[in-house]
Each structure stands twice: as C-alpha cells, then as structure tokens.
Asks: 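Structure in structure tokens, see below.
In this chain, numbering begins with 1 at the start of the sequence shown. What you are looking at is a predicted structure, and each value in this text was computed from that prediction instead of being measured.
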Amino acid sequence: MNVCLATCLHTPEQLIILTHVKRLLISLFLAAASLAQAWQQVNEDAPQPAREFRAAWVATVYNLDWPSKAGLPAARQKAELLRIIEQAAQLRLNAILLQVRPNGDALYESRLEPWSTWLSGAGEHPGYDPLDFAIRECHKRGMELHAWFNPFRATISGRPTGRGHIARRQPGWLLQAGSTQILNPGNAQARGHVMQVIMDVVQRYDIDGVHLDDYFYPYPPHHHVADGRTPAQRRQAIDTFVYNLYRHVKQVKPHVRVGISPFGIWQPGIPANIEARINAYEDLACDARKWLAKGWVDYLSPQLYWRCEGPQSFPALMQWWSSINPSRPVWPGLATVRIDSQEDPGRPASEIGRQIGYSRQLARQSSGQIYWSWRSLGTNKGGIHKVLERMYPTLALPPAMPWCGSSRPDRPSVQASHSRTGCRVTWQGKAHKWVVQVGSKGRWFTLDVLPGSSTTTTISPRVANTLDRIAIRPVSATGMSGTPGVLAR
C-alpha cells in the first residue's frame, strides 16, 4: 500500500513539475546570493599607494643602450625600445629618461634640428617618431617619459652631421673641446637656440619631464676652451640658462618636471673628507647646489656612482645633497654599470641594494633612484634583478610635486560586475592617471597604474574571488592624489 502511494505521487508528470520547482528554487537562491555579493560603491577611503621615483637612463649616444646600432629598420628599432619599456615595467620602474638630443640632433620629428646619426644615419628619417612611440608605450603602462637633452654638445669626432645641423649653420657659435665641439654657453644666441629646441618638445609632446645631463662645459682635460671667460662668468651663463629653462617650462606646462643630473661632487672636500679629481663648480661651471637651493629644478639627481665606503662615500654625499633644500627631492644616480666592472672590480649587485636603502633613509623630501644605465639592467648585470625585486616588492607612484600644482581630481563613479573572464571594473571621471587598488580583510595592494584615458580594467577571477574592496584612485598630472572611488561587498 505504501509502495503504491509513493508510486502514485511520483508520476512522470509530477516528477517534471518537481524538477522545475527545484531549478526555480536554486535559481532564486543563486540570485539572492549574487545580490548579497554584488559590488556597491561606499563612502570609504583606501590607503595611499607607495611613492618613489624609480627610473633608468636610456642613452642613445654611441648606441649605448638603444638602438643597438644605427641604421636598423624601424620595426627592429621599435621592437628593441618596446622591450626596454616592458622590462622596465616588469622591474617596477615608473619612469624612463630617454636621450632625445645627444649632440645637436633629434630622435623625434623636428624642424629645428636633423634626425640623429645614432638612429638611422645623419639626417635620415627613421620611418616613425621614436619619442612619440616611447611616450605612448610608457603611458600605456602607467610610466613616465622624461625627455633627456644634452644641451651644449654639438659634434663628436668621426660622426657625420645631418643637413641643417647647427654646427653647419652657425659655426661661429662653436668651441673646440678635444675631439668634440660644443655650443658656446656664453653666447646668448646659442643658449637661445638650445632653449628653443627644448621648449619645442615641451609644447608638442606629452612628456612628463625635461632632463639635462651634466655636460655644460666639457670635462677635463678639455675644459680649457678658448672662450675668453673666467669660471665665474661661465657659471653665470649656465645659471642664467637653468633659471630660464625652469621658468619657461613652468609657464607652458607647469606639471612637466624639470630635473638635472650633475656630477656627484659639488667641489672636492665638500662635504668634509670627500675626494674628487674633478671640480664640477670650477671646471664644468656647474653650480648645482645653487639650482637646488633656489628651487630652479623640480628634482636633482647627482651622479653618486661610488661605493658606500671610501673617499667618495655614498651616504655622506647623499646626506649633503639632501640637506640643501628639504622642499626639493634628491634622487641619486646609481651606477649599475659598475657592477662587476673593470672600473670597479668585484663590486656586487648588493651594493645597489645598500644604496637604495641609504637613499630612502636620508631623503628629506621623497625617495627615488635613477640607474645608469639601461643596458646593465636589461642584461641583469651581476644579478641586479633579484636586488630590485627585493627592494621593489610593489608598484610605486612617482612622488607628488604640489609646488607645480596642488589641485586634486574628483572622486570617480565606479561599478563592477563578474563574468567568466573575471571582475570587470568601470569608472567615470577625469584624471591624469588611475591607480587600481584592491583589498581583502583590511590589507591593500596596488594592482595597476593606468593612463587617464582608461575607463575600465578586468581583474582575474583568481584575484577577484579573494577581494572585498576595490578602489580606483585618481591622480593629477603633478602627482596629487584624489579621493578614490571604493567598492565593497
């Protein structure tokens, strides 16, 4: 009787109905669970992301870093440059200092100077614009591109100059310095030409910085150029140029950073017990202490290429430079090129790790490092990659420069939804950069830095399933952080 009743209650029609009911209940349960786990924008904040300037010089003169040799096809040049940018991003650097004017020539489209001999041959169009390409590829990865100019070097012995080169047009502006020629910094017209060249790039390209190296007057033994000027007069000419450069850049684009990398010792014996064979103040007309003290630069990167111990003590020099103007950062140049080198036999990569530590400890404004030069990083010289992985465990933004502009972008409107490919996050707002931060149980991590044109990103399912917070933080062109749009579930 019980068997018959059970059989009667589970006829095929009833089983179909029961199946549909079960499916409906399961669907309702999953929908409710999904709503309970949906992302909602909340009135919360997220911790500030790490800040540190991490950059490498990419030298084009003598094809030191890029391109590997002159005359390569455009596709090969672009592939090499893209590889540098991608590898720099993998090492968690956040800026490239690309040499765009090695010696009176251009690695970009210019009406003022010819194409560089180090690119495709003197005056030869490479078939694309390397500076524009580098800017776009760096910005895609949330990195800065600083255009690096050698201001006064004009010709290098044995290298041809392209049609329209300043040495051909204005030979009276030149001074002979050994096998090279320089534009006379004491000549107001020559200085004006260099200024015009730099400002042309500032106005036409979306660069993040203007960077100058320390070749103002030539290094000994060729510093005794026949210009009839005293060291004090030469310094006055260079001071005038540096002051005007900073003023002109800020008038046109206040957010563009201006940086200079002087010789690492201002004068021998300063600070005490520091030895040097070169007197940059007297021989190079380089009064970098004045430029830093007066705020004529947004950052200074003295070339502190020596070891931590010895007659050119890295920590002693770092501390001295940092003390000059606490409101402007000192981001030292570090010589990865000297790892296991003939110049410094036996120097380990760990020396760079120590110097990074000192640069952080002794920074008065913000910390940062610039590496000379890319080739030593790209080839992992002495195992430097492991050192950088240890010292740079997370992404970092370049430090803010509120003296260049203190306005902060508004909080964006943020949404998120899940799919098979992951968690898709979208937002609306205006910013120069977007920082993607993710959190779980109170712990936060910077996941990515994206250009201001971005409006969406996708977080992989493996990561997204562990999160309870997502933040999209707006950052201004001067690095000022806005209030993030925070999602919670």
Side-chain angles (χ1 to χ4, degrees), residues 30-52 54 89-90 92-95 135-144 206 208 255 392-402 404-489:
L30 291 176
S34 177
L35 287 172
Q37 294 295 313
W39 292 100
Q40 301 291 332
Q41 185 156 350
V42 294
N43 189 23
E44 295 181 7
D45 205 344
Q48 289 289 336
R51 296 274 188 165
E52 187 169 56
R54 305 169 179 172
Q90 292 168 4
R92 297 195 174 102
L93 303 188
N94 52 35
I135 291 169
R136 286 187 285 106
E137 294 301 329
C138 281
H139 287 179
K140 283 180 186 178
R141 294 158 179 81
M143 299 172 64
E144 292 189 352
D206 188 23
D208 300 285
H255 69 274
Y392 300 156
T394 60
L395 295 174
L397 289 178
M401 293 188 170
C404 298
S406 59
S407 62
R408 299 176 184 272
D410 295 333
R411 185 202 306 258
S413 173
V414 187
Q415 295 179 321
S417 59
H418 286 275
S419 67
R420 292 180 179 178
T421 58
C423 180
R424 185 171 184 266
V425 186
T426 60
W427 59 89
Q428 293 180 331
K430 292 183 178 179
H432 185 70
K433 292 178 183 176
W434 301 102
V435 183
V436 182
Q437 298 174 266
V438 294
S440 177
K441 299 179 181 178
R443 300 184 64 183
W444 286 86
F445 182 78
T446 298
L447 189 65
D448 207 353
V449 181
L450 301 172
S453 58
S454 298
T455 59
T456 183
T457 189
T458 299
I459 303 173
S460 70
R462 181 177 60 84
V463 175
N465 291 337
T466 68
L467 303 178
D468 56 40
R469 295 292 187 276
I470 298 173
I472 303 297
R473 181 181 296 277
V475 178
S476 75
T478 62
M480 300 299 290
S481 174
T483 302
V486 180
L487 297 176
R489 65 174 178 177

Asks: Looking at Asp208 and His139, what are the two nearest heavy atoms and their distance?
Replies: OD2-NE2, 2.8 Å
Asks: How many angstroms lie between CE in Met480 and CE in Met401, if you round to the nearest 0.5 Å?
Replies: 12.0 Å
Asks: Between Arg92 and Tyr392, is there a donor-acceptor pair closer than 3.5 Å when you use the side chain of the first and the backbone of the second?
Replies: yes
Asks: Kindly give the heavy-atom pair with the smallest separation between Asn94 and Leu397, and that separation in Å.
Replies: ND2-C, 3.8 Å
Asks: How about Glu44: does its CD atom have over 12 heavy atoms from other parts shown lying under 6.0 Å from it?
Replies: yes
Asks: Closest approach of Pro412 and Gly485, non-hydrogen atoms and distance?
Replies: CD-N, 3.6 Å
Asks: Only pairs at least two apart or in different chains count here, so list each salt bridge (charged side-chain N to carboxylate O under 4.0 Å, His left out) that has a residue in residues 411-428.
Replies: none
Asks: Which pair of heavy atoms, one from Pro474 and one from Pro484, lies closest together, and at what distance?
Replies: CD-CA, 4.0 Å
Asks: Looking at every heavy atom in both Glu137 and Arg141, which two are closest together, and how far apart are they?
Replies: O-NH1, 2.7 Å
Asks: Closest heavy-atom contact between Ser481 and Arg408?
Replies: O-NH1, 2.7 Å
Asks: What is the distance from atom OG of Ser413 to atom CD1 of Ile472, rounded to the nearest 0.5 Å?
Replies: 11.5 Å
Asks: Would you say the side-chain atoms of Gln41 pair up with the backbone N or O of Val414, donor to acceptor, closer than 3.5 Å?
Replies: yes
Asks: Applying side chain to side chain donor-acceptor pair (under 3.5 Å), can you list everything that pairs with Thr421, at least two apart in sequence or on another chain?
Replies: Ser419
Asks: In Å and rounded to the nearest 0.5 Å, what is the NZ to CG distance from Lys430 to Asp410?
Replies: 10.0 Å
Asks: With sequence neighbours left out, which residue pairs that include part of residues 432-453 fulfil the side-chain hydrogen bond (donor to acceptor under 3.5 Å, both in side chains) condition?
Replies: Gln437-Arg473
Asks: Hey, could you give me the CG/CD1 distance between Leu447 and Ile459, rounded to the nearest 0.5 Å?
Replies: 6.0 Å
Asks: Measure from the side-chain N and O atoms of Arg51 to the backbone N and O of Pro398, and report whether any donor-acceptor pair falls under 3.5 Å.
Replies: yes
Asks: Donor-acceptor check, side chain of Trp39 to backbone of His418, threshold 3.5 angstrom: yes or no?
Replies: no
Asks: CG of Leu450 to CH2 of Trp427: how many Å apart, nearest 0.5 Å?
Replies: 5.0 Å
